[in-house]
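Have a look at the structure below before the remarks.
Owing to the predicted nature of the structure, the values given are computational and were not obtained by experimental measurement.
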Amino acid sequence: MTVPTRQPNTSRPYPIADHSASGQAPRSTANGWVPVIIAGVVAAFVIAIAGVISGLIVVGIRESAMPDTAPKPAASAPQASVPVIPPAAAVPSTIAARTSVASAPENLDPLVVQRGVVQVLGESYGQEDVREVKCPAGQPVEVGTVFDCTAKVDGIKKSVTITVTDLDGTYEVSRPH
């Protein structure tokens, strides 16, 4: 280790440029943190804006991927929607169509069931050409009620079995047979 050639200055332990010899006035560093704080606030604002924009893009992509072909109930029918349960969650060879009805009806509305059959056959079973669906009227909303609807699938007349699974009007739609 070498011995320092001069004694340390205890009032200024670190070397500071001495401007007195050059004739320049020393620059003030009292506001040195202001630009740093401003830069931090601007960066936070830019990151927030980028997050909002990316969130809107993701929502736009998700909404554009959703089909706009939800069945609409008939004017006399109670409000109902028919989301589809994936085949793995249903009984083998059947798909459950869930209906949420404001008040439990005594009988299923055949028009709503017909729309539900078209939707389930298309979305769950991949049957794109489903036409002329006919379901009998007066089917009671009782657990275990079973009835058949007829439909033309790819131009061939077939039937599907409908099974009521709860008192809210939830039913399963079987594969066309």
With no hydrogens and no angle check, is any side-chain donor or acceptor of D166 less than 3.5 Å from a backbone partner on D168?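 Side chain of D166 to backbone of D168: a pair is present.
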Evaluate the side-chain proximity of [Y] to [X]: yes if any heavy-atom separation is below 4.5 Å, no if none is.
{"X": "I38", "Y": "V34", "result": "yes"}
{"X": "V160", "Y": "L121", "result": "yes"}
{"X": "V120", "Y": "Y125", "result": "yes"}
{"X": "K157", "Y": "T150", "result": "yes"}
{"X": "V118", "Y": "R115", "result": "no"}

Smallest separation among heavy atoms of Y171 and V113, with atom names: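 Answer, listing the atom of Y171 first, then V113: OH-CA, 3.8 Å.
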Compare every heavy atom of K158 with every heavy atom of P176, then report the nearest pair and how far apart it is. CB-CD, 3.8 Å
Working to the nearest 0.5 angstrom, can you tell me the gap between [X] [atom1] and [Y] [atom2]?
{"X": "R175", "Y": "H177", "atom1": "CZ", "atom2": "NE2", "value": "12.5 Å"}
{"X": "Q114", "Y": "Q119", "atom1": "CD", "atom2": "CD", "value": "14.0 Å"}
{"X": "S174", "Y": "I162", "atom1": "OG", "atom2": "CD1", "value": "6.5 Å"}

Anything under 3.5 Å between a donor and an acceptor, one on a side chain of residues 140-149, the other on a protein residue two or more places apart or in another chain? List them.
{"residue": "T145", "atom": "OG1", "partner": "P140", "partner atom": "O", "Å": "3.4"}
{"residue": "T145", "atom": "OG1", "partner": "E142", "partner atom": "O", "Å": "2.9"}
{"residue": "D148", "atom": "OD1", "partner": "T161", "partner atom": "OG1", "Å": "2.9"}

Quiz: residues 43-55 side-chain donor-acceptor pairs under 3.5 angstrom, not counting sequence neighbours:
{"residue": "S54", "atom": "OG", "partner": "A50", "partner atom": "O", "Å": "3.2"}
{"residue": "S54", "atom": "OG", "partner": "G51", "partner atom": "O", "Å": "3.0"}

Output all residues satisfying salt bridge (Lys or Arg N to Asp or Glu O under 4.0 Å) with D154, sequence neighbours left out; order by chain, then residue number. none
